[in-house]
Number of protein chains: 2
Amino acid sequence: MIRVLLAEDQAMVRGALSALLKLESDLDVVGCAADGEEAWQLTQRAALDGNGPDIVVTDIEMPKLTGLELAQRIREREIGCKVIILTTFARPGFLRRALDAGVSGYLLKDAPAEQLAEAIRKVHRGGRAIDPQLALEAWSGDDPLNDRERQVLRLAGEGMSAGDIAGQLHLSQGTVRNYLSEAIGKLGVSNRIEAYRLARQKGLL
Amino acid sequence: MIRVLLAEDQAMVRGALSALLKLESDLDVVGCAADGEEAWQLTQRAALDGNGPDIVVTDIEMPKLTGLELAQRIREREIGCKVIILTTFARPGFLRRALDAGVSGYLLKDAPAEQLAEAIRKVHRGGRAIDPQLALEAWSGDDPLNDRERQVLRLAGEGMSAGDIAGQLHLSQGTVRNYLSEAIGKLGVSNRIEAYRLARQKGLL
DNA sequence: ACTTGCCCGTGACAACTGTCAGCCGGATAG
DNA sequence: CTATCCGGCTGACAGTTGTCACGGGCAAGT
């Protein structure tokens, strides 16, 4: 019996995926989480009790903690469970960061439903399940942005001013503007809005 | 037995929803479509054979034919089956257009999974199933923005400067800034980025 | 110890943004 | 006809943004 934990913010989709996996006799859905933070709590707590999930299937874009951050944390704290990313976005940057975060699988929501159970089994056997089309693209374009630039850009994209961002990240306003300027330059655009859009589109956020 | 047809472009989600509905003993998933056009073909053909679906559950954003267009067509050709929209987007503008197209239900993918089956039954009995939170907004929050403000905001949201926008719309730079200022004020935010995000989120663009 | 690189910060400057008060011409209505 | 509204424009002002040059601190290599 493979123990699976599901993290996905859209309740309807979460419930439906759960129903899908419950049809498989060798899979056991031991938990569902509506955001990354909840998934982390559940995983960690269960792991301490010795009945943690074998596989975490997670979306990327979720409130509080993204799927990528969740994967990273699971690896850092050595929880010992595998992670499969299940997302809408075929962005090379996402896949790359997912691999850096040590995930074992990366599936698209566009893929046929049967692939999910198959991927879970494959990963559980110690294999990897990476969408083949995407795997190719991932090593072509490279990611110019560093962590700070990403953070700052993300906040700027939500409409925060340099001052706001500085407050939130405990930096000075000038530094924030420098990072933004850097990011704008690296991406070859002319203001923060375009930088945000481009970075987002390329999956660099 | 309620006959249901499912239209949703993401294969994984489509399969999962299908699994979810198959758990209900009084529901029968008689077809799945990956886009609006396919859903229309299936619905129409089955209707001619006298075994058309009672309910079509459809996403909005799909290739070829959107869920809204599908709903409209089903009503125009008097197929005689009900439509339930199932979408990510809580935009009052979408709901309004959906109602105009004669749909019987409008659910969010954020809603709990159980609601889908309930909504289907309710609509089959002749009722309506509109997300209550959304229903309020749709007729309360009426659109504060005028055409110019919308245009300008849309372009600003793509990263264009006041000067760029002025060029594109054949206005003066100052006028563009005035419109932006107006829009920012009406939406109660503090810069163009937030204004864009809010307007977009409310479906006003 | 010395470079090299990175992170964070400063100060200054030009450009852009957001706000406001007010002008003009056309349409509409009383 | 005149009053009023509306779309568009202007000019001015303070605040924010984008750029640049530069300085200090810290870590890793050499």
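First the proteins, then the strands, lettered A, B, ... as listed; each starts at 1.
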ask   = If you fit an axis to the five pairs at each end of the helix from C:dA1-D:dT30 to C:dG30-D:dC1, how big is the angle between those two axes, to 10 degrees?
value = 20°

Is the shortest heavy-atom distance from the side chain of [X] to the side chain of [Y] under 4.5 Å?
| X | Y | result |
| --- | --- | --- |
| A:L17 | A:L86 | yes |
| A:V56 | A:L6 | no |
| B:V57 | B:I55 | yes |
| B:I60 | B:T88 | no |

task = Nearest 0.5 Å please: distance from the CG atom of B:D110 over to the CG atom of A:D9.
result = 6.5 Å

task = State the CG-OG distance between A:N191 and A:S181, to the nearest 0.5 angstrom.
result = 11.5 Å

Near-strand residues of residues 159-173 of chain A, defined as heavy-atom separation under 4.0 angstrom from DNA chain C = A:L171, A:S172

task = Can you sort out which residues in residues 179-195 of chain A have a heavy atom within less than 4.0 Å of DNA chain C? Ascending by number, please.
result =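 Listed by number, they are A:Y179.
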
key: salt bridge (charged side-chain N to carboxylate O under 4.0 Å, His left out) contacts touching residues 112-128 of chain B (sequence neighbours left out)   =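 Non-adjacent pairs meeting salt bridge (charged side-chain N to carboxylate O under 4.0 Å, His left out): B:E24-B:R121, B:D26-B:R121.
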
ask   = Among pairs that include at least one residue of residues 35-45 of chain A, which meet salt bridge (charged side-chain N to carboxylate O under 4.0 Å, His left out), considering only residues two or more places apart or in two chains?
value =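 Passing the test, one end in residues 35-45 of chain A: A:D35-A:K64.
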
inquiry  = Under a 4.0 Å threshold between the charged nitrogen and the carboxylate oxygen, would B:D147 count as salt-bridged to B:R150?
reply    =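 Salt bridge present between B:R150 and B:D147.
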
query = What is the 5' to 3' range of DNA chain C, first to last nucleotide, that sits under 4.0 Å from any heavy atom of chain B?
reply =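 The footprint of chain B covers C:dT17 to C:dC20.
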
Phosphate-side-chain proximity, B:R148 and D:dG8, N/O vs OP1/OP2 below 4.0 Å =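 Yes, B:R148 has a side-chain N/O under 4.0 Å of OP1/OP2 on D:dG8.
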
Distances under 3.5 Å between protein N/O atoms and the N/O atoms of nucleotides 22-28 of chain D, please, pair by pair.
none

List the residues meeting side-chain hydrogen bond (donor to acceptor under 3.5 Å, both in side chains) with [X], not counting sequence neighbours, and say none if there are none.
| X | value |
| --- | --- |
| A:R148 | A:Q151 |
| B:S161 | B:D164 |
| A:D49 | none |

ask   = Do other residues, nucleotides or ligands put more than 12 heavy atoms under 6.0 Å from the CD atom of A:E78?
value = no

Quiz: residues 102-109 of chain B side-chain donor-acceptor pairs under 3.5 angstrom, not counting sequence neighbours:
{"from": "B:Y106", "atom 1": "OH", "to": "B:F89", "atom 2": "O", "distance (Å)": "3.1"}
{"from": "B:K109", "atom 1": "NZ", "to": "B:E8", "atom 2": "OE1", "distance (Å)": "3.0"}

ask   = Over how many whole Å does the gap from B:R177 atom CZ to D:dG15 atom C1' extend?
value =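 These atoms are roughly 12 Å apart.
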
Listed pairs under 3.5 Å, donor-acceptor, residues 193-205 of chain A side chains, sequence neighbours left out:
{"from": "A:E194", "atom 1": "OE1", "to": "A:S190", "atom 2": "N", "distance (Å)": "3.1"}
{"from": "A:E194", "atom 1": "OE1", "to": "A:S190", "atom 2": "OG", "distance (Å)": "3.0"}
{"from": "A:R197", "atom 1": "NH1", "to": "B:G157", "atom 2": "O", "distance (Å)": "3.0"}
{"from": "A:R200", "atom 1": "NH2", "to": "A:E61", "atom 2": "OE2", "distance (Å)": "3.2"}

